[in-house]
*Asks:* 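Supplied in structure tokens, the structure appears directly below.
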Amino acid sequence: MTEAPCRRTCDIISNLPDDVTDVILMCLPLQDAIRTSILSRKWRYRWAKVPKLTLNHTLWEYTSTCKVRARLNSRILYHLFSLRQGPINECRISNIPEPIHFHEIDNLIFFVSRNELEQLVLELPKGEKYKLPSSVFTCSKMRHLTLHYCVVNPPPTFQAFSKLIRLQLLNVAISDKSLENLISRCPMLEDMELDIADPLNYIEINAPKLRSLNFGSKLNSICFKNTPLLTDVSIIVANDVNHDSANRGTCNLVEFFGSLPALKNLCLGHSIIKTLITGIIDRIPVKLPMPLVNLRQIYLFDICLSDLDEIRCLLCLIKSSPYLEEIIVIINQAINKEGGDDLPALKLLEAQYDSGIKLNRLTKVRLIDVNGTKVEMEFIKLLLATSPMLEKMMISPYYIEPESPQTLVEILKEVNKFQRASSQARKCQEELAIESAICLSMQLMIFLRVCLCEMLLGPVFCRQNRGMTGPKFQNLLLMNHSGKIYQPVKQGPIKECRISIPKSKYFPEVDNLIFFLSRNGIEYLVLELPKGEKYKLPSSVFTSSKMIHLTLHYCVINLPTTFQLFGKLLRLQLFNVSISEKHLEKLISRCPLLEDMELDISNPLNYIQVNAPNLKFLNFGSKIISICFKNTPLLADVSIMADNVNHGPVEDGVNHGPVKLIVGDDNPRLEYFIIKILSN
């Protein structure tokens, strides 16, 4: 009785610090933030002082459910704005429903521009582009500006965005001169992303603080006039630009990289490379006059290796980058087919061995859409022979028939013959196959290690690779190739295995494979099977006493009577699995160390008891009527999604009513609890 008055006087909600209150309100949709005015006097109109304003789909959907016409949405907003107090530092306007009335958006932007706006995100839908009002350019404190589907034309009175740090123009219409003018008047600009809707002829980038540029527009030529700090450059230009048109300015390969002294990460598309090559009057230089000492990554998109000029450009960049660490090249096979003669490019690559080229810092190479042509294989050979620190090379074939892996095998066999410059190559061929980690990917068989090819593809390599054992082969990554499962010739323990097949006709082979794994100390098993007929899990799985992680998809589980326990299992994931209530209870109770469990049982369940003393996380998405936590003292996170539950009578004649959750007193650590019931 003595504590009751104290409880009445202690109003925790009203006494929250202002910064905490602001964070709460900024996380709520606008209509819910306004509703907090009824909590207490201190909360009344507190929402009006929040510096962040978000007008998105939650507001529009709310007004539509209230049967308010779209034209009235703006009137409601104007009324709300009249109650606002203080600055609006951040404003986001998105997902505006049709019909869109641009003059109403003008009024909204005019209002926020007069309230010390620092960040504006305007995401408009496709269709007629919105002409950005001049009031935006009066925001002297603007730090972040993002525009979608707008027409931008800075007014003559525009002075500068003196504090703007980030600029994003996505599907925006703007002229060359206006874009140059806008960029040059943002002296503090550091991050810029441009996707201009209209084709551009030539632009100069004058941004002394710029560090990152992502350019995805149609462009004939670009020049970096004042960008001493620019480190990340990505220019992917559309393929239909005109390289022969009369430009008011051009920029060639030497001038382009001479203006980027701090360049660290480079991504160029085919069209911009052709533009830079075309601008050179004489022959492409072997090296750039000024070395790119900061360049670490080169990413070239849609390169034609059979084109002599393009391969010269690629070699020039590689030779001019003494500290290069990673090369990524996507080969354009369509251009390769049109080119025809690749003999000059092949001779150029063969002549590089005598030029003394050394890639002393190169550690990673990725070649995408490789077709196994002579030029491509010679380029791979050159990289392997001149890269003493190479750790990983990934080769993704262009196209492989699902039933015929001959192209893949031929590439593997050819690569395996190449000489390596790494120190491991001089020691042992077997070690090199692992340390270099040369990998290939297919449409269905992804990331296959060369060191595992003997095991998965048969005896197509040298004898040294046959029967390789040891700790480096403890992880077996078995993947499907049109459903065909290759019988392993592996020796020694297999700690991890992932199996994925597309068709149920291979179930007998899966049985044999699981039996093999269960006899080799398997600890981590992921079995991803196709939809349709469920796979009956063999009893051999339950003999794996060292199992730590078990993930099953589309299986039928029937515990054998001889099953004792998974004494080391920590994580259990069952997705679209059929299992009875008794067997599920038995399986859980016989995993004493289980900590993480995710269940999505396909058949409806009536009642289960969860007996897992070490369980900390539970995600339950099955059809169930009742669940009881019997022994879960450490359970902290619980998520239960009961979908389409039948609350009527069950087999035992007892009507359990709605879903029942029985949580005992032995759950002191329960911190996060979600219950969502979706019923008919």
Side-chain angles (χ1 to χ4, degrees), residues 52-57 59-60 70 73-74 77 81 88-115 117-186 189-201 203 205 207 210 212-219 222 236-238:
K52 179 180 178 180
L53 179 63
T54 302
L55 310 177
N56 56 17
H57 65 282
L59 178 64
W60 316 126
N73 287 340
S74 59
L77 295 177
F81 292 158
I88 302 177
N89 295 335
E90 180 179 347
C91 178
R92 293 175 176 268
I93 305 174
S94 62
N95 302 108
I96 301 177
E98 297 182 354
I100 301 175
H101 303 281
F102 287 158
H103 67 278
E104 296 177 355
I105 302 177
D106 290 342
N107 296 332
L108 293 178
I109 293 179
F110 178 79
F111 173 81
V112 296
S113 66
R114 296 299 178 94
N115 284 271
L117 186 64
E118 296 182 4
Q119 180 173 345
L120 174 62
V121 178
L122 183 57
E123 298 179 356
L124 298 176
K126 295 180 180 180
E128 183 183 357
K129 286 184 171 59
Y130 168 65
K131 185 177 180 180
L132 198 68
S134 58
S135 57
V136 172
F137 299 94
T138 62
C139 302
S140 58
K141 295 185 178 181
M142 186 78 74
R143 295 172 60 85
H144 179 123
L145 180 60
T146 299
L147 303 175
H148 293 248
Y149 293 99
C150 296
V151 176
V152 179
N153 189 13
T157 57
F158 172 56
Q159 298 297 323
F161 282 138
S162 58
K163 297 183 179 181
L164 191 69
I165 295 176
R166 189 176 188 189
L167 175 64
Q168 290 179 300
L169 304 180
L170 307 176
N171 285 287
V172 167
I174 186 172
S175 65
D176 306 19
K177 292 184 178 179
S178 296
L179 182 59
E180 285 184 2
N181 182 38
L182 177 61
I183 296 173
S184 63
R185 298 192 181 186
C186 302
L189 188 62
E190 296 181 0
D191 187 354
M192 183 165 58
E193 185 176 356
L194 302 177
D195 185 6
I196 310 302
D198 299 330
L200 300 175
N201 183 23
I203 64 167
I205 306 293
L210 190 64
S212 176
L213 171 65
N214 191 341
F215 202 101
S217 312
K218 299 178 181 179
L219 177 70
I222 185 172
I236 307 296
V237 183

*Asks:* Starting at CD of Gln159, measure out to OG1 of Thr138 and round the result to the nearest 0.5 Å.
*Replies:*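 Gln159 CD to Thr138 OG1: 12.0 Å, rounded to 0.5 Å.
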*Asks:* Evaluate the side-chain proximity of Val112 to Ile93: yes if any heavy-atom separation is below 4.5 Å, no if none is.
*Replies:*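 They are not in side-chain contact.
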*Asks:* Would you indicate whether the side-chain heavy atoms of Tyr130 and Leu147 approach each other to under 4.5 Å?
*Replies:*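 No; the side chains remain at least 4.5 Å from each other.
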*Asks:* Less than 4.5 Å apart, side chain to side chain, heavy atoms only: is that true for Phe137 and Val152?
*Replies:* yes
*Asks:* Taking atom NZ of Lys163 as the centre, does the number of heavy atoms from other residues, nucleotides or ligands within less than 6.0 Å exceed 12?
*Replies:*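 Counting other residues, nucleotides and ligands, NZ of Lys163 stays at 12 neighbours or fewer.
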*Asks:* Please name the residue in the list Asn214, Leu179, Leu170 that meets the side-chain contact (heavy atoms from CB on, under 4.5 Å) test with Leu194.
*Replies:*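 For Leu194, the side-chain contact (heavy atoms from CB on, under 4.5 Å) test succeeds with only one of Asn214, Leu179, Leu170, which is Leu179.
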*Asks:* For the CG atom of Leu164 and the CZ atom of Arg185, what is their distance to the nearest 0.5 Å?
*Replies:* 14.0 Å
*Asks:* Between His144 and Ile165, is there a side-chain heavy-atom distance shorter than 4.5 Å?
*Replies:*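 No, their side chains stay 4.5 Å or more apart.
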*Asks:* May I ask you to test the Leu122-Cys150 pair for a side-chain heavy-atom distance under 4.5 Å?
*Replies:* yes
*Asks:* For Met142 and Leu117: C-alpha separation, side-chain torsions, deciding distance, then whether side-chain contact (heavy atoms from CB on, under 4.5 Å) applies.
*Replies:* CA-CA 6 Å; Met142 186 78 74; Leu117 186 64; 4.1 Å; yes
*Asks:* Roughly how far, to the nearest 0.5 Å, is CG of Asp195 from CD1 of Ile236?
*Replies:* 12.0 Å
*Asks:* Check Ile109 against Pro133 and note the closest heavy-atom contact, atom names and distance.
*Replies:* CG2-CG, 4.0 Å
*Asks:* How long is the straight-line distance from CD1 of Ile203 back to CD1 of Ile174, given to the nearest 0.5 Å?
*Replies:* 9.5 Å
*Asks:* Count the heavy atoms of every other residue, nucleotide or ligand shown that sit under 6.0 Å from CZ of Arg143, and state whether that count exceeds 12.
*Replies:* no
*Asks:* Enter the distance from Ser135:OG to Arg114:CZ here, rounded to the nearest 0.5 Å.
*Replies:* 8.0 Å
*Asks:* Could you tell me whether the side chain of Phe161 reaches within less than 4.5 Å of the side chain of Leu189, counting heavy atoms only?
*Replies:* no
*Asks:* Looking only at non-hydrogen atoms, find the nearest pair between Cys139 and Ser113 and report the distance.
*Replies:* SG-CB, 3.5 Å
*Asks:* Do Ile183 and Leu210 have side chains that approach each other closer than 4.5 Å (heavy atoms only, starting at C-beta)?
*Replies:*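 Result no, sub-4.5 Å side-chain heavy-atom pair not found.
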*Asks:* Nearest 0.5 angstrom please: Gln168 CD to Met192 CE, how far?
*Replies:* 11.5 Å
*Asks:* Look at the side chain of Asn115 and the backbone N and O of Ile88, then say whether any donor-acceptor pair between them is shorter than 3.5 Å.
*Replies:*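 Such a contact is absent between Asn115 side chain and Ile88 backbone.
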